[in-house]
Each structure stands twice: as C-alpha cells, then as structure tokens.
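So you know, we letter chains A, B, ... as the sequences are listed, proteins then strands, and number each from 1. Just so we're clear, the structure is a prediction, and the values are computed from it rather than from any experiment.
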2 protein chains.
Amino acid sequence: MQQAAARFADYLSRNRLRMTRERRVILEQVLAVGKHFDVDDLLVHMRNGGLRASRATLYRTLAHLVDSGMVHKVEMAKGQARYEPMLGRHHHDHLVCLKCGEIIEFESPEVERIQEEVCRRKRFTMTGHTHQIRGYCRRCSSR
Amino acid sequence: MQQAAARFADYLSRNRLRMTRERRVILEQVLAVGKHFDVDDLLVHMRNGGLRASRATLYRTLAHLVDSGMVHKVEMAKGQARYEPMLGRHHHDHLVCLKCGEIIEFESPEVERIQEEVCRRKRFTMTGHTHQIRGYCRRCSSR
DNA sequence: CCCATAATTGAGACTGAGTTTCAGTCTACG
DNA sequence: CGTAGACTGAAACTCAGTCTCAATTATGGG
C-alpha cells in the first residue's frame with residue numbers, strides 16, 4: 001500500500017497531476033476490494049466504509065490508475081468494464097462464467113508467443129489484447 | 001444468397017418466426033455489405049439502396065441472424081458491436097487497428113487447442129470466446 | 001381463398017455505462 | 001503564503017442498444 005501510494009504519487013507528479021484526498025481514498029479502496037470489481041462494487045464498498053467520491057471522479061481516477069499500469073481494465077461484453085489491480089501481478093486472461101459471473105484467470109505463454117508470431121506475420125504492432133473464454137464454471141456446469 | 005435465404009427461412013420456421021419483407025431485405029443487405037460492419041454501416045448502405053428498416057428491427061433481426069449462426073457478433077471495446085456474415089466461413093479472430101479501424105483476421109488452431117486444454121483443466125464448459133489483438137496495422141505503424 | 005391469431009413493425013421513450021460541463025474548491029510550485 | 005491551474009461534484013449529456021405499444025402483416029386451418 002505504502003508502495004502503491006508512492007508509485008501513484010510518482011505517476012501523478014510525472015504527469016503534472018495532483019494527489020488529492022479523493023485519489024488517495026480511491027487507490028486505497030481499489031486495493032481493498034481486491035480483484036475484478038466494477039465501478040458499482042467500488043462505490044458500494046466505499047460507502048460501506050463511510051467514504052465517498054462522485055462517479056465522475058471514480059471514472060477519472062480509474063482511468064489514471066489504468067494509465068499508470070497499476071490497474072487493468074477488462075472489457076466485458078456490452079461495454080461493461082471491470083477492473084483489477086495489477087500490483088506486481090502477471091499478465092493473464094479470463095474465463096467468464098455466464099451464469100454466476102465468476103471470473104477465473106489463466107495465463108498461457110504459448111498463446112502470447114503465437115500472438116506475437118501472428119503480429120509479426122501481419123506486420124502489426126500490438127499494443128494490447130483481450131482474450132476471454134465464455135461459458136460455465138465447474139459449479140454452474142454441473143447443474 | 002438463395003441458399004442463405006433458405007437457411008434463414010428454415011431457422012425462422014423452426015422457431016415459429018415469420019419471414020417478413022424487412023427480414024428478407026436485411027439478410028440481403030447484410031450479405032451485400034460484406035464483412036465487419038456495424039449497425040450504422042448497414043443502415044447507411046440500406047438507405048443508399050433506397051431500402052429501409054427501423055433501428056429496432058435491425059437489431060432484432062441481427063440477433064436472429066446471430067442466433068441462427070449465419071452472422072457473428074464481434075464485441076469491440078466500449079460496447080461497440082460489429083457483425084460479420086459467416087456463410088460457410090471458418091472461425092477466426094481479429095487484429096484491430098486503433099488508428100484506421102482496419103480489422104485483420106487471423107486463425108490459429110493452436111490457440112483453439114490451448115483454450116480447450118485450459119477449459120479442461122479448470123473444468124470449464126466453453127460456449128464461446130473473444131480474442132482480439134489491438135495495435136497498429138502495417139500502414140499506420142509506419143507513419 | 002379468407003380469417004383469426006399471433007408475430008412483427010416503427011416511433012419514440014427509455015436504460016445503463018460512461019463522459020462532459022462548469023462553477024466552486026483545493027494543491028503545490030515559486 | 002499566493003496563485004495558476006488542477007480537481008471535484010452535480011447534473012446534463014451521449015451513445016448504443018432495448019422496450020413499449022398501437023397498428024400492421026404473415027400464415028395455417030377451415
């Protein structure tokens with residue numbers, strides 16, 4: 001947390017942005033909710049803790065956190081975005097359960113390698129990717 | 001086209017749905033615009049041809065075409081959906097140029113294989129997936 | 001061939017996620 | 001400190017897509 005705050009502060013100052021109370025609170029809460037939350041989860045979590053920030057500020061701050069690389073944005077179908085803190089975590093992709101909404105992570109260096117190969121072949125400069133597998137998790141499948 | 005119409009008619013009757021003028025026109029236009037269009041492309045294309053259907057009907061009919069497997073829906077970031085006819089075409093994924101919007105297709109049986117392997121390991125029943133690589137196409141990269 | 005029934009349509013209201021605006025507030029450099 | 005310029009919240013707005021409902025139309029049975 002100390003470290004995260006420092007890193008965010010660093011990002012902010014490098015971009016002539018300011019460390020405000022709202023940004024401090026939001027960073028702290030993002031770390032507290034843990035992985036795979038959406039803006040409403042965060043809002044509820046904050047209110048439960050007696051804290052608040054407007055939706056607009058939440059979106060604005062999340063954008064900065066994403067920009068700084070401290071948080072990843074995961075685009076789900078129909079434009080519902082979820083976020084996950086990436087503090088020293090590895091890149092990974094997701095299995096998404098269509099029934100219960102569970103999100104399971106997976107990583108595959110092999111897929112990464114193939115992606116790079118594909119880009120090389122197509123002369124494409126990759127800046128990012130999304131790889132999502134949809135279906136039913138173990139629990140939901142068996143019912 | 002004949003074939004496509006027959007296939008759609010078949011899908012409709014199997015689902016107690018009706019073959020209306022609007023649906024006929026939309027199917028025809030979907031095939032005419034070719035690959036990777038969004039709803040506005042389709043609407044414009046139709047108006048240029050002196051044809052029309054309401055937005056609501058367009059969305060409803062596209063949903064049926066997707067359901068019948070004749071068209072695939074490609075979810076882009078921020079909930080902008082694009083569609084592509086799949087008449088006897090192979091499954092594939094996409095490279096998306098962030099600058100000019102070009103969409104390049106790629107397929108990788110190897111990735112498919114890995115996906116299945118991942119699902120097996122996680123006891124996950126896959127019903128579909130999205131695999132998109134974002135970046136800059138050859139032309140946009142070199143500028 | 002015609003009718004009744006149920007599906008379909010279009011216009012426009014509505015939704016939900018996210019963005020923008022703008023006046024008042026606050027941060028932090030000098 | 002003071003102040004330029006960044007930040008914030010409320011509310012208006014945008015955008016893609018969905019829903020409602022009254023009027024229209026396809027279709028299967030007689």
Show your working on salt bridge (Lys or Arg N to Asp or Glu O under 4.0 Å) between A:Arg89 and A:Glu105 and close with a plain yes or no. CA-CA 12 Å; A:Arg89 304 188 58 216; A:Glu105 305 180 352; 2.6 Å; yes
What integer distance in Å separates B:Arg14:CZ from C:dA7:C1'? 18 Å
Taking only residues at least two apart or on different chains, which pairs with a member in residues 33-51 of chain A satisfy salt bridge (charged side-chain N to carboxylate O under 4.0 Å, His left out)? A:Asp38-A:Arg82, A:Asp40-A:Arg55, A:Asp41-A:Arg82
For DNA chain C, the residues among residues 2-10 of chain A that have a non-hydrogen atom under 4.0 Å from it: none
Would you call A:Arg52 and A:Glu22 a side-chain contact if the rule is heavy atoms closer than 4.5 Å? no
Could you please spell out the steps behind the side chain to side chain contact (heavy atoms under 4.5 Å, CB included) verdict for A:Phe8 and A:Met19? CA-CA 9 Å; A:Phe8 193 34; A:Met19 176 56 93; 4.0 Å; yes
What is the separation between atom CD on A:Glu22 and atom P on D:dT8, rounded to the nearest whole Å? 5 Å
Indicate the ring-plane relationship of B:His92 and B:His94, choosing parallel, tilted or perpendicular according to the 30° and 60° boundaries. perpendicular
Salt-bridge contact A:Glu102-A:Arg138 (side-chain N to carboxylate O under 4.0 Å): no
Once you round it to whole Å, what is the distance between P of D:dG28 and CE of B:Met19? 13 Å
Reading nucleotides 10-25 of chain D 5' to 3', which nucleotides get B (base under 4.0 Å from a protein heavy atom), which S (sugar-phosphate only), which -? S-----SSBBB-----
Within this structure, what is the CG-to-P distance between B:Leu51 and C:dG10, rounded to whole angstrom? 12 Å
Give the rounded distance in Å between these two atoms: CG of A:Asn15 and P of D:dG5. 18 Å
Value in whole Å for how far the P atom of C:dA7 lies from OH of B:Tyr11: 14 Å
Nearest-Å distance for atom pair CG/P, residues A:Leu58 and C:dA17: 13 Å
For the pair made of CG in A:Leu12 and C1' in C:dC26, what is the distance, rounded to whole Å? 15 Å
Could you go through A:Lys122 and B:Leu95, starting from their C-alpha distance and side-chain angles, then the distance that decides it, and tell me whether this counts as side chain to side chain contact (heavy atoms under 4.5 Å, CB included)? CA-CA 9 Å; A:Lys122 308 269 189 190; B:Leu95 305 175; 3.7 Å; yes
Under 3.5 Å donor-acceptor, A:Asp10 side chain and A:Ala6 backbone: no
Using a strict threshold of under 4.0 Å (side-chain N to carboxylate O), is an ion pair present between A:Glu117 and A:Arg121? yes
Would you tell me if any nitrogen or oxygen in the side chain of B:Arg23 comes within less than 4.0 Å of OP1 or OP2 on C:dT8? yes
